[in-house]
Colleague: 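Below: one structure in structure tokens.
Chain identifiers are assigned alphabetically (A, B, ...) following the order of the sequence lines, protein sequences preceding nucleic acid strands; residue numbering begins at 1 within each chain. Note: hydrogens, waters and symmetry copies are ignored here, and every other heavy atom, side chains too, is used.
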2 protein chains.
Amino acid sequence: MSANSRMTIAIHVLTWMSLDRQNNEVATSERIAGSVNTNAVVIRRCLGDLRKSGLVQSKRGAGAGWVLAREPEDITLLEVYLAVEGGGPFGMHHTPPNADCPVGFGIRPALQVVYSELEEEIRKGLARTTIADVLRDVLAQQR
Amino acid sequence: MSANSRMTIAIHVLTWMSLDRQNNEVATSERIAGSVNTNAVVIRRCLGDLRKSGLVQSKRGAGAGWVLAREPEDITLLEVYLAVEGGGPFGMHHTPPNADCPVGFGIRPALQVVYSELEEEIRKGLARTTIADVLRDVLAQQR
DNA sequence: GGTCATGTAACATTGTCTGTTACAATGCAT
DNA sequence: ATGCATTGTAACAGACAATGTTACATGACC
């Protein structure tokens, strides 16, 4: 499968921000990038998606940075998923199948049903976990 | 997300083979490719994966081709998934996160748990549908 | 005004998926 | 045994997406 890490990065960012709220420093893309171990622009792109969905807010100017727009308990992984992830788990044919064949004609709508039911299951599963849950699990891992 | 079509192609192939069993012709990669509308080698690669998992069998020599190793009612989409799909729906960080940060240290094992639970949900969902179900739905789409 | 970080564009790099060509291996038919 | 159609696989080209990087205009506080 894709091995797309946007979901992972976004959860990492939000979890980091949840933990960092206790400090008095400002959450900048640069500092977050230090934890994720990537370029700050990658983090800004991610935060931009999260802001469009209303999960974070940005401040500009001097002392600028990012803050959570909601409590970690109120942010589910489903919202993160909807914010940063594109299509579903499986893709359709690259080029349209042969419509003169019964299977080629009917396979796409048939799979559409199967795939969207599956997508619904994924969403339900993601809705059960919040960023606060992840933070708790993350801290439980410490040495 | 990935937009990986291997799953779609594999289901298409197996569904086509289920329908084609009624004819007296031999199922060759060339004929299947005609329905999927792609190159025969792509189909052979897919069939190779399906064979490794025991879902189809191949015959060589003259009059060679492919046959289902099991009844369409006994092949679930989960088995197809396990045969052709690689990793799970989400990937981890491209480069390892900063282990000196508590979040960077604990995020991977924490997400591993979340992701594998999700993967389990997907598998359960896929196990509910068989190739015979798909064939029925495909034929119901006809003009 | 100086400064710092956001916001975004542009581009390079990398990796994966798909498609294509080529060809050896296989085994039935004649 | 020879021919033939197809599998099985390697090798490569092309397309595309994700990621990383550089650069710079924009905004707002000091």
Colleague: Between A:Lys124 and B:Glu121, does at least one N-O distance fall below 4.0 Å, as a salt bridge requires?
Modeller: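 No, A:Lys124 and B:Glu121 are not salt-bridged.
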Colleague: I need the CG-C1' distance between A:Asn37 and D:dT21, as an integer number of Å.
Modeller: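 The distance from CG of A:Asn37 to C1' of D:dT21 comes to 15 Å, rounded to the nearest Å.
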Colleague: Is there a side-chain contact between B:Thr28 and the phosphate of D:dT6, meaning an N or O under 4.0 Å from OP1 or OP2?
Modeller: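 Negative; the distance criterion is not met.
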Colleague: Which listed nucleotide (D:dT7, C:dT18, C:dT6) is nearest to the side chain of B:Asn4?
Modeller: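 Of all the options, the side chain of B:Asn4 is nearest to C:dT18.
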Colleague: Specify the separation, in whole Å, of atom NZ of A:Lys59 and atom P of C:dG7.
Modeller: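 Spelled out: NZ on A:Lys59 to P on C:dG7 is 12 Å.
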Colleague: Without decimals, in angstroms, what is the distance between B:His94 NE2 and D:dG20 C1'?
Modeller: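 Nearest whole value for this atom pair: 10 Å.
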Colleague: What is the distance from CZ of A:Phe90 to P of C:dC17, rounded to the nearest Å?
Modeller: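 It works out to 13 Å between those atoms.
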Colleague: Starting at the 5' end of nucleotides 20-30 of chain C, put B wherever the base has a protein heavy atom under 4.0 Å, S where only the sugar-phosphate does, and a dash everywhere else.
Modeller: BBB--BBBB--
Colleague: Find the distance B:Arg31:CZ to D:dA5:P and express it as a whole number of Å.
Modeller: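 Rounded to whole Å, this separation is 16 Å.
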Colleague: Whole-Å distance between C:dC17 P and B:Asp49 CG?
Modeller: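 The answer, rounded to whole Å, is 11 Å.
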Colleague: Below 4.0 angstrom from OP1 or OP2 of C:dT18, is there any side-chain N or O of B:Ser5?
Modeller: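 For B:Ser5, the contact criterion (side-chain N or O under 4.0 Å from OP1 or OP2 of C:dT18) is met.
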Colleague: Is it possible for you to check whether A:Arg123 lies under 6.0 Å from the centre of the six-membered ring of A:Tyr81, through NZ or CZ, and within 45° of that ring's axis?
Modeller: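 No, A:Arg123 and A:Tyr81 do not form such a contact.
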Colleague: Quick check for you: to the nearest 0.5 Å, what is the distance between B:Leu68 atom CG and B:Leu50 atom CG?
Modeller: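 Here the rounded value is 9.5 Å.
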Colleague: What is the distance, rounded to the nearest whole Å, between atom CD1 of B:Ile9 and atom P of C:dC17?
Modeller: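 Whole-Å distance recorded here is 13 Å.
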Colleague: Which heavy-atom pair separates A:Ser35 from B:Cys101 by the least distance, and what is that distance?
Modeller: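 Closest approach of A:Ser35 to B:Cys101: OG-SG, 3.2 Å.
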Colleague: Want to settle it: does B:Gly65 or B:Thr95 sit nearer the 5' end of DNA chain D, counting the closest nucleotide to each?
Modeller: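 The residue whose closest nucleotide sits nearer the 5' end is B:Gly65.
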Colleague: On the 0 to 90° scale, with breaks at 30° and 60°, tag the B:Phe90-B:Tyr115 ring pair as parallel, tilted or perpendicular.
Modeller: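 Tilted: the ring planes of B:Phe90 and B:Tyr115 meet at 30° to 60°.
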Colleague: Side chain to side chain contact (heavy atoms under 4.5 Å, CB included) for A:Arg6 and A:Arg45? Distances and angles first, verdict last.
Modeller: CA-CA 10 Å; A:Arg6 267 181 304 184; A:Arg45 281 202 281 247; over 6 Å; no
Colleague: Minimum heavy-atom separation for B:Leu139 and A:Pro102, please, with both atom names.
Modeller: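 B:Leu139 and A:Pro102 have their closest heavy atoms at CD2-CB, 4.5 Å.
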Colleague: Atom CZ of A:Arg51 and atom C1' of C:dT6: how far apart are they, to the nearest Å?
Modeller: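 About 8 Å, once rounded to whole Å.
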